[in-house]
Protein chains: 2
Amino acid sequence: MAGGRIRQENEALILRAAEYVFARAGFAGATMNEIATRAGVPKSNLHYYFRTKQALYRAVLAHTLALWLSETDIIGAEQRPQVALEQYIRAKMRLSASHPDASRVFANELLHGAPEIRDVLSGALRALVARKAGVIREWIARGEMASVDPQHLFFTIWAATQTYADFESQVCAVLGVSHLGQRDYEQATDHLVRLLLRGCGLEPAGLAVELSSTRGESHEF
Amino acid sequence: MAGGRIRQENEALILRAAEYVFARAGFAGATMNEIATRAGVPKSNLHYYFRTKQALYRAVLAHTLALWLSETDIIGAEQRPQVALEQYIRAKMRLSASHPDASRVFANELLHGAPEIRDVLSGALRALVARKAGVIREWIARGEMASVDPQHLFFTIWAATQTYADFESQVCAVLGVSHLGQRDYEQATDHLVRLLLRGCGLEPAGLAVELSSTRGESHEF
DNA sequence: GTCTATACTAAGATAGAC
DNA sequence: GTCTATCTTAGTATAGAC
């Protein structure tokens, strides 16, 4: 299974190209031809390394799922909610900025009813959200934040952060830019942190209470 | 163009079937065969009424766009922001609940870079948001709400409301239900109204200030 | 172990029958 | 004006050459 160096390299090349193509065309719209051309390998090698188009798609999805399920470690009862939630939102936005194609592949899969990852969603993801929802309920019970439905809070954070990757074309059209730059992402992040923390009855930990548009610090991207 | 009664009826049948299929399979994944079967007309009639698959797709998109661009009339400077924003959020949620397939077709188009509606987005939609952003800035200048980036506020409201239609499979998996019922949508709507209005420094007009989990009133649906 | 040539299937589109 | 039969293309998958 481990295979030689050539195999490893080619598989990595193909997976990257596949993510790019699947993100733009969806599963049905993507062609093995396009992926092969982009990866710089002969078309039929795709079938050599990944038996079918579906197998290749699943391999790409596995990568996006790993990204998707990460990052929630920040949310623990021992943390202060304003710190944990702010860090979580920032982490999710960094993910949208750094891996927009992974986000789009995942979004496309959900949009079409999640045929390939249904089990993971109602298994691992559901369990993960249940755990983290418990933490949020504890914060609420302690009076550390306003009463917010924890599950729906996750839906809102996911939707609000991923929209910058998934629906970039809409965001760009409204903002009048050709693509989202670092500054755009910084503005969007600050907007979301303020809006959502205030919505949870919290104040951003490190930011001035001041609502002016100039920010105190800039975050890496 | 108006055509006879049969034409009108058949076109309506086809458009409804097409929306259903495009919503689930995307443009590339949808087949004329499937749409024809679902509409109950012979396959080749689709090409008779709509010359190409793309033409049919565009016709479906036009319908979703009309829905999408509506509903912002609620937002006017003469309104109080808490009333206007609450009504807007509720209207968007009703749309997700009543026309999930339209939302999915639109989402799919955006996800793939909006090849067919790019012009509408950077034309009509951009202009509309610019106008409504002016209203929000006026509210902020008057001290009627917190300082929130108006454009990003729209992105957040759109994303947070449409996620219940577009990514229903994920929401259902996490909630542990097979499909979203009226009660789920009511909970989601109340959650969003509270979270976002509070995030804008507002209190829901008709709701108690109390943050307890039992609500003072239930809203119509 | 890797790439070339080819078979097979399905889907969009059209010409012509009814 | 509406539907049936057919053509053509393109895309997945495989067998076999190198």
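Source: prediction; values computed, not measured. In what follows, chains are A, B, ... by sequence order, proteins preceding strands, each numbered from 1.
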Name the atoms and distances for all side-chain donor-acceptor pairs under 3.5 Å in residues 112-123 of chain B, with sequence neighbours left out.
residue   : atom : partner   : partner atom : Å
Glu116(B) : OE1  : Arg58(B)  : NH1          : 2.6
Glu116(B) : OE2  : Gln54(B)  : NE2          : 2.7
Arg118(B) : NH2  : Gly113(B) : O            : 2.8
Ser122(B) : OG   : Arg118(B) : O            : 3.0

Charged N to carboxylate O below 4.0 Å: is that the case for Glu86(A) and Arg90(A)? yes

Between Asp149(B) and Arg137(B), is there a salt bridge with N-O shorter than 4.0 Å?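 So Arg137(B) does not pair with Asp149(B) through a salt bridge.
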
Students often mix this up, so state it plainly: with edges at 30° and 60°, are the rings of Trp158(B) and Phe154(B) parallel, tilted or perpendicular? tilted

Think His47(A) has a side-chain N or O under 4.0 angstrom from the OP1 or OP2 of dT14(D)?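 So the side chain of His47(A) is outside the cut-off, no N or O lying under 4.0 Å from OP1 or OP2 of dT14(D).
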
For the side chain of Arg51(A), starting at C-beta, report the closest nucleotide among dT14(D), dA13(D), dT2(D).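 Taking heavy atoms from C-beta onward, the closest nucleotide is dT14(D).
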
For [X] and [N], give me the distance from atom [atom1] to atom [atom2], rounded to whole Å.
X        : N       : atom1 : atom2 : result
Phe50(B) : dA13(C) : CZ    : P     : 14 Å
Glu11(B) : dT2(D)  : CD    : P     : 10 Å
Leu46(A) : dT2(C)  : CG    : P     : 14 Å
Glu9(A)  : dG1(C)  : CD    : C1'   : 15 Å
Tyr48(B) : dG16(C) : OH    : P     : 18 Å
Asn10(A) : dG1(C)  : CG    : C1'   : 11 Å

Below 4.5 Å, heavy atoms only, C-beta onward: do Val60(B) and Phe27(B) meet side chain to side chain? no

If you count the non-hydrogen atoms of other residues, nucleotides and ligands that lie under 6.0 Å from CZ in Arg24(A), is the total more than 12? yes

Touch check for Tyr49(B), heavy atoms < 4.0 angstrom, all strands: base, sugar-phosphate only, or nothing?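 Touches sugar-phosphate only.
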
Base versus backbone protein contacts along nucleotides 5-11 of chain C [heavy-atom cut-off under 4.0 Å; B, S, -]: B-----S

